[in-house]
Amino acid sequence: MVFWRCLLSLFLWLTVSPANAGEWIAKLPESVVGLSGSCVVIPCTFSYPASGEPYTEFTGIWYKGRYESTVYHTDTSKITDAFKGRTSLIGDLRKNDCSLKISSLSSSDAGPFMFRIEIKDLDKATYEKNKVSITVKETPETPTVSVEEEVTSGKPVTATCAVSHSCPSDLPRVTWSHDGTQSSPSQPHLTSYNLTFTPSREDHNKHLSCSAEFKGKTVTGYKTLKVKYPPYNVNVVTRASVKENDSVELNCSSNSNPPANSYQWFSSNVMLLGNKHTYKLERVSRYTEAISCTAINTVGKNTSAPQKISVLYPPYNVNVVTRASVKENNSVELNCSSNSNPPANSYQWFSSNVMLLGNKHTYKLERVSRYTEAISCTAINTEGKNTSAPRKLNILCKYE
């Protein structure tokens, strides 16, 4: 009876705490995650007591539960039917690598699993204390997109898409939502995919997305881009019109990130005083030249097109315009020309200070004669009026 008790103790010692405790050690995670329909790899390394002799014959075995199913065996005929053709030892036992691959994963493959090693001319042991379970997911994990918190338009930047997968031999198909130079992992176990691109201002507050397709199942991760860019759409904004001799306030509008923090004002390329968002012009006139502004932020600057201010003034340079000469007894059409803002919208015609009928831009004189007196006109707009000098017509008549 004592013999059998000792023999049982020896068996438990070999399977649970083998000889030379601390040397029969297996290292593997407590759990791994796999995607249904894909494969999963259980990373595994092991050690055993070294005796100085080179061991060349190893038998690796993986069990599910407490020996209820043989998941993998060096002798494939001993593998349980449910796992036949779906498992392989991707590690090299001679290099202490016992990593296991399970293909066509399903929810029934949850585990737990444990590894056993048999070494010819040495010993054998089952690493029961080092069990691993598989979490089988129906949906892949969402990729994680990483990029600098702030990027600058026109300057190349590299973003990284971290994809979680369980099957190095069947990597997902990864696509980006942005054009650029893509690079994939150089080794199957790496999970970071890079994209080098040059952001533009149009990318600001837009999503940079990375999609990973696993056997028809696609998941997408994204990061909102924060793009710094210099001012654009710079414009001088002011009132639609201003009366001559009044003052007017001009605003420099722009779009930028960060917002413009300094400004310059110009008139005919001459810099005016002032570095604020607004600029006040005193006593504008019809001769005031176009104004432009430059908006500046930490990234750069941009200048608006020159803005001509609409100055309201009454008519001036009022003249009666007609043909150089007209034959006596013929009719003649007169035009009242002027310069004003807004344009003249009403007119008055005079002969020797007597108002003639007519309030149009043109006036027709019937049967002119050598005695027809000089004609003048008054041009009128919303700002006032002005009258031309009298115009004496050149009448061609017969000598009598």
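Given the structure is predicted, the values throughout are model-derived calculations rather than measurements. For this chain, numbers begin at 1 and follow the sequence in order.
- The closest side-chain heavy-atom distance from Ile134 to Ile42 is below 4.5 Å.
- Rounded to the nearest 0.5 Å, atoms OG1 (Thr80) and CD (Glu68) are 9.0 Å apart.
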Kindly indicate, with the supporting measurements, whether the criterion side-chain contact (heavy atoms from CB on, under 4.5 Å) is fulfilled by Lys155 and Thr198. CA-CA 6 Å; Lys155 292 186 177 180; Thr198 302; over 6 Å; no

Give the intermediate values and the outcome of side-chain hydrogen bond (donor to acceptor under 3.5 Å, both in side chains) for residues Ser310 and Ser241. CA-CA 5 Å; Ser310 179; Ser241 58; 5.1 Å; no

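- Rounding to the nearest 0.5 Å places CD1 of Ile309 at 12.0 Å from CD of Glu244.
- Seen from the ring of Tyr316, Arg286 counts as a face-on cation partner, given the 6.0 Å and 45° thresholds.
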In sequence, state the C-alpha distance, the side-chain angles, and the governing distance for Tyr229 and Asn297, and then conclude on side-chain hydrogen bond (donor to acceptor under 3.5 Å, both in side chains). CA-CA 9 Å; Tyr229 52 90; Asn297 72 355; over 6 Å; no

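- At a threshold of 4.0 Å, the pair Asp109-Arg86 counts as salt-bridged, since one of the basic side-chain nitrogens sits closer than that to a carboxylate oxygen.
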Please report the C-alpha distance between Ser256 and Ser254 in whole Å, then the side-chain angles of each, then the deciding distance to 0.1 Å, and finally whether the side-chain hydrogen bond (donor to acceptor under 3.5 Å, both in side chains) criterion is met. CA-CA 7 Å; Ser256 66; Ser254 64; 4.6 Å; no

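- Looking only at side-chain heavy atoms (C-beta outward), Asn251 and His277 come within less than 4.5 Å of each other.
- Under the 4.5 Å side-chain criterion, counting only non-hydrogen atoms from C-beta, Leu250 is in contact with Leu281.
- Scanning all heavy atoms of the two residues, the minimum distance from Pro342 to Leu312 falls at CD-CD2, 3.9 Å.
- Between the CG atom of Asp121 and the CD atom of Glu57 there is a distance of 7.5 Å, given to the nearest 0.5 Å.
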Given Asn245 and Val284, is the side-chain contact (heavy atoms from CB on, under 4.5 Å) satisfied, shown in steps? CA-CA 5 Å; Asn245 295 320; Val284 297; over 6 Å; no

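- Between Phe58 and Arg94 there is a side-chain heavy-atom pair separated by less than 4.5 Å.
- The main-chain N or O of Ala162 is never found under 3.5 Å from a side-chain atom of Ser192 such that the two would form a donor-acceptor pair.
- The pair Lys84-Asp81 counts as a salt bridge, with a side-chain nitrogen and a carboxylate oxygen less than 4.0 angstrom apart.
- For the residue pair Phe83 and Lys64, the shortest heavy atom distance occurs at CZ-CD, 4.0 Å.
- Here the side chain of Asn386 pairs no donor or acceptor atom with the backbone of Gly384 at under 3.5 angstrom.
- Atom CG of Asp179 has 12 or fewer neighbouring heavy atoms from other residues, nucleotides or ligands inside a 6.0 Å radius.
- Of all heavy-atom pairs spanning Thr45 and Cys98, the tightest one is N-SG, 3.6 Å.
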Mind running side-chain hydrogen bond (donor to acceptor under 3.5 Å, both in side chains) on Asn205 and Lys226 for me, showing each step along the way? CA-CA 6 Å; Asn205 284 332; Lys226 300 297 180 182; 2.6 Å; yes

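- Note on Lys120 versus Glu118: no salt bridge recorded, every NZ/NE/NH1/NH2 to OD/OE distance being 4.0 Å or above.
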Evaluate salt bridge (charged side-chain N to carboxylate O under 4.0 Å, His left out) for Lys206 paired with Glu202, printing each intermediate quantity in order. CA-CA 8 Å; Lys206 299 289 180 62; Glu202 287 80 9; over 6 Å; no

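- A pairwise comparison of heavy atoms in Val332 and Thr322 identifies CG2-OG1, 3.2 Å as the closest pair.
- Both Tyr279 and Val242 are part of a single hydrophobic cluster, where members link through side-chain heavy atoms under 4.5 Å apart.
- Hydrophobic clustering (side-chain heavy atoms under 4.5 Å, transitive across Ile, Leu, Val, Met, Phe, Trp, Tyr) groups Phe214 together with Val174.
- Taking CD of Glu289 as the reference point, atom OG of Ser267 lies at 4.5 Å (rounded to 0.5 Å).
- Heavy-atom contacts from other residues, nucleotides or ligands closer than 6.0 Å to CD of Glu149 number 12 or fewer.
- Side-chain contact of Thr220 with Ser209: a donor-acceptor pair under 3.5 Å is absent, judged by distance alone.
- The residues Glu128 and Arg66 are annotated as salt-bridged, a charged nitrogen and a carboxylate oxygen being separated by less than 4.0 angstrom.
- Tracing side-chain contacts under 4.5 Å through hydrophobic residues (I, L, V, M, F, W, Y), one never reaches Ile296 starting from Val227; they form parts of separate clusters.
- We find the CE-CG distance between Met114 and Asn130 to be 11.0 Å, quoted to the nearest 0.5 Å.
- No salt bridge links Glu213 with Lys217; every basic N to acidic carboxylate O contact stays at or beyond 4.0 Å.
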Show, in sequence, the C-alpha distance, side-chain angles and deciding distance for Tyr67 and Thr126, and conclude whether the side-chain contact (heavy atoms from CB on, under 4.5 Å) test is met. CA-CA 10 Å; Tyr67 310 100; Thr126 302; 3.6 Å; yes

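- The 12-atom threshold is exceeded at CG of Asp75, counting heavy atoms of other residues, nucleotides or ligands nearer than 6.0 Å.
- The residues Lys95 and Asp97 are annotated as not salt-bridged, no charged nitrogen and carboxylate oxygen being separated by less than 4.0 angstrom.
- Considering only heavy atoms from C-beta on, Ser292 comes within 4.5 Å of Ser304 through its side chain.
- Inter-residue side-chain proximity for Cys252 and Trp265 is flagged as met; some heavy-atom pair is nearer than 4.5 Å.
- Put simply, the side chain of Phe350 does not reach to within 4.5 Å of the side chain of Ile375, judged on heavy atoms.
- Exactly one residue among Trp24, Tyr63, Trp62 makes a ring pair (Phe, Tyr, Trp, His ring centres under 6.0 Å) with Phe115. That residue is Trp62.
- At a cut-off of 3.5 Å, with distance as the only test, a side-chain donor of Asp203 or His178 sits close to an acceptor on the other residue.
- Of the possible polar contacts, one joining the Asn96 side chain to the Phe46 backbone as a donor-acceptor pair under 3.5 Å is found.
- For Asn275 (side chain) and Tyr263 (main-chain N/O), no donor-acceptor pair under 3.5 Å exists by modelled atom type.
- In plain terms, the two heavy atoms of Ile395 and Ser369 that are nearest each other are CG1-O, 3.5 Å.
- Across every non-hydrogen atom of Thr160 and Asn194, the tightest pair is OG1-OD1, 3.0 Å.
- Hydrophobic clustering, with ILVMFWY side chains joined whenever heavy atoms are under 4.5 angstrom apart, keeps Ile380 apart from Tyr313.
- Checked by atom type and distance alone, the side chain of Lys301 never pairs as donor or acceptor with a backbone atom of Ser262 at under 3.5 Å.
- Annotation: the span from Lys327 atom NZ to Asn394 atom CG amounts to 13.0 Å, rounded to 0.5 Å.
- Around NZ of Lys78, the count of heavy atoms belonging to other residues, nucleotides or ligands within 6.0 Å does not exceed 12.
- Linking Ile, Leu, Val, Met, Phe, Trp and Tyr whenever their side-chain heavy atoms come within less than 4.5 Å puts Val32 and Ile102 in one cluster.
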Verdict with reasoning, Cys377 to Val320, per side-chain contact (heavy atoms from CB on, under 4.5 Å): CA-CA 6 Å; Cys377 70; Val320 174; 3.9 Å; yes

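- Ser211 has its side chain within reach of Thr218: a pair of non-hydrogen atoms, C-beta onward, lies under 4.5 Å apart.
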